[in-house]
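Per chain, numbering begins at 1; letters A, B, ... match sequence-line order. Note that the structure is predicted; figures quoted are calculated from it, not measured.
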Number of protein chains: 2
Amino acid sequence: MFSKSCEYAIKAMIYVAQKSKNGERVGIKEIAKSTSAPEHFIAKILQDLSRKKLVNSYKGPNGGFFLNEDNLKTSLADIVKATDGNGIYTDCVLGLKSCSESTPCPVHNEFRAIKKNLIKMIESNTIGDFNKKLEAGSSFLKNV
Amino acid sequence: MFSKSCEYAIKAMIYVAQKSKNGERVGIKEIAKSTSAPEHFIAKILQDLSRKKLVNSYKGPNGGFFLNEDNLKTSLADIVKATDGNGIYTDCVLGLKSCSESTPCPVHNEFRAIKKNLIKMIESNTIGDFNKKLEAGSSFLKNV
DNA sequence: TAAATAAAAGATAAAAAAATCTTTTTATTC
DNA sequence: GAATAAAAAGATTTTTTTATCTTTTATTTA
């Protein structure tokens, strides 16, 4: 459904959210370990998200990544767009250039509702929401 | 959403369906051109679908690919499984090994309905259905 | 049965995605 | 201000996906 980069980005954002209580920051090594992501790969992803202002970071000792109040309002859609681009909004499922509402590809109508619901869902769920669920113990980020 | 291979496979199946009237067959060159797919690449994909009995083919002059009555009942899900594997059924959206109904990942619950609807849709729509819509002129396979 | 046709199969190459390694910059603390 | 810590940046490698090229095998027709 999403690229590896996107999966890692979502997991990292959620993990950083968890560790961003009372001004704390979390280093890339810990993020990598806790999300089962290759260190340098997840570093690149976070640097990119940082440039795009979805996460914050400080360099140097006691530095690290953290989310501020605003970052917690980041939706899944924001992360998907930042990592995988806008394809989910713009691209035909079969990759046809001229597919549209007026000249739909054979599967267009069947996918309309699916895509609409998917987009609605990723737009309406934020990192803050997921963070709360983790804190409440109703979901888990563990990988094995 | 799907791999390029899968997109090509779906387009090719639909195109071959169109050309499978009264015992006719269609060659790989024509399929490639009509689906804007690289000839050898789509050839490989069709060979694979042929091995898996989703399409039929004859070699030699006047040979080519065609769909029989049974092939027309192939669902989108069959094609997705043949080309991209079972990931859509089995894999966690975040790629977490231990994600399940009892230990859901943070996004699991939000994606449950989306995935369920997607699976239901690809299982209930067949190549024959899409073929009929094309014939009725209510959808288009053209890629400009 | 020879020539032609067409798919099948195998090998190779190119491009993209994912992962890793190295160096640089910045900041902190002693 | 030297040593250290940590992210940023750049370069490289590996893997996977996508695409191409070449050879083989099967079939038909003349």
**Q** Quick check: do A:M1 and A:E7 have side-chain heavy atoms less than 4.5 Å from each other?
**A**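 A side-chain contact is absent here, since even the closest heavy-atom pair is not under 4.5 Å.
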**Q** Using atom CD1 of A:I28 as one end and atom P of D:dA6 as the other, report the distance to the nearest whole Å.
**A**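 Atom CD1 in A:I28 sits about 12 Å away from atom P in D:dA6.
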**Q** Specify whether A:F2 and B:F111 have parallel, tilted or perpendicular ring planes, treating 30° as the upper limit for parallel and 60° as the lower limit for perpendicular.
**A**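 Judged by the thresholds at 30° and 60°, the geometry between A:F2 and B:F111 is perpendicular.
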**Q** Distance check needed: D:dT12 C1' versus A:H40 NE2, whole Å only.
**A**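 Rounded to whole Å, this separation is 12 Å.
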**Q** The side chain of A:P61 is closest to which nucleotide in this list: D:dA26, D:dA5, D:dA8?
**A**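 Closest nucleotide among those given: D:dA5.
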**Q** Tell me what B:K29 touches on the nucleic acid: a base, only sugar-phosphate, or nothing, going by heavy atoms under 4.0 Å.
**A**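 No contact.
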**Q** Could you tell me whether the phosphate oxygens of C:dT5, OP1 or OP2, come under 4.0 Å of any side-chain nitrogen or oxygen in B:N62?
**A**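 No, because none of the side-chain N or O atoms of B:N62 sits under 4.0 Å from OP1 or OP2 of C:dT5.
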**Q** If you find the nucleotide of DNA chain D closest to A:G63 and the one closest to B:C6, which residue's nucleotide is nearer the 5' end?
**A**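 Its nearest nucleotide lies further toward 5', so the answer is A:G63.
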**Q** What's the closest nucleotide to the side chain of A:F65 if the choices are C:dA9, D:dA11, D:dA8?
**A**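 Within the option list, the nearest is D:dA8.
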**Q** Would you name the heavy atoms of B:V55 and B:L46 that are closest together and state the gap between them?
**A**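 Taking every non-hydrogen atom into account, CG2-O, 3.9 Å.
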**Q** Is there a side-chain contact between B:S5 and the phosphate of D:dT17, meaning an N or O under 4.0 Å from OP1 or OP2?
**A**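 False: B:S5 side-chain N/O out of range (4.0 Å or more) of D:dT17 OP1/OP2.
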**Q** Nearest nucleotide by nearest heavy atom, which residue falls closer to the 5' end of DNA chain C, A:G60 or A:S3?
**A**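 Here A:S3 is the residue nearer the 5' end.
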**Q** When the distance from CZ of A:F41 to C1' of D:dT12 is rounded to whole Å, what number comes out?
**A**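 One finds 15 Å between C1' of D:dT12 and CZ of A:F41, rounded.
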**Q** Indicate whether OP1 or OP2 belonging to D:dA19 is found under 4.0 Å from a side-chain N or O atom of B:Y8.
**A**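 It does, given that an N or O in the side chain of B:Y8 lies less than 4.0 Å from OP1 or OP2 of D:dA19.
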**Q** Send over the distance from A:E39 CD to C:dC21 P, rounded to a whole Å.
**A**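 Rounded to whole Å, this separation is 10 Å.
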**Q** Less than 4.0 angstrom between a side-chain N/O of A:S50 and OP1 or OP2 of D:dA7, yes or no?
**A**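 For A:S50, the contact criterion (side-chain N or O under 4.0 Å from OP1 or OP2 of D:dA7) is not met.
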**Q** Can you tell me the distance, in whole Å, between the CD atom of A:Q47 and the C1' atom of D:dG10?
**A**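 Computing the A:Q47:CD to D:dG10:C1' distance gives 10 Å.
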**Q** Do the non-hydrogen side-chain atoms of B:K81 and B:Y89 ever get within less than 4.5 Å of each other?
**A**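 The answer is yes, as the side chains (C-beta and beyond) meet within the 4.5 Å cut-off.
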**Q** Roughly how many Å is it from CD1 in A:I42 to P in C:dT20, rounded to a whole number?
**A**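 Spelled out: CD1 on A:I42 to P on C:dT20 is 12 Å.
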**Q** In whole angstrom, give the distance that lies between atom CZ of A:F2 and atom P of C:dA18.
**A**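 Spelled out: CZ on A:F2 to P on C:dA18 is 14 Å.
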**Q** Does any part of the side chain of B:Q18, heavy atoms only, come nearer than 4.5 Å to the side chain of B:N131, both counted from C-beta?
**A**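 Yes - at least one pair of side-chain heavy atoms lies under 4.5 Å apart.
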**Q** If you compare every side-chain N and O of B:R25 against the phosphate oxygens of C:dA6 (OP1, OP2), does one of them come in below 4.0 Å?
**A**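 B:R25 to C:dA6 OP1/OP2: no side-chain N or O under 4.0 Å.
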**Q** Would you kindly give the NZ-to-P distance between B:K4 and D:dT20, to the nearest whole Å?
**A**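 Spelled out: NZ on B:K4 to P on D:dT20 is 12 Å.
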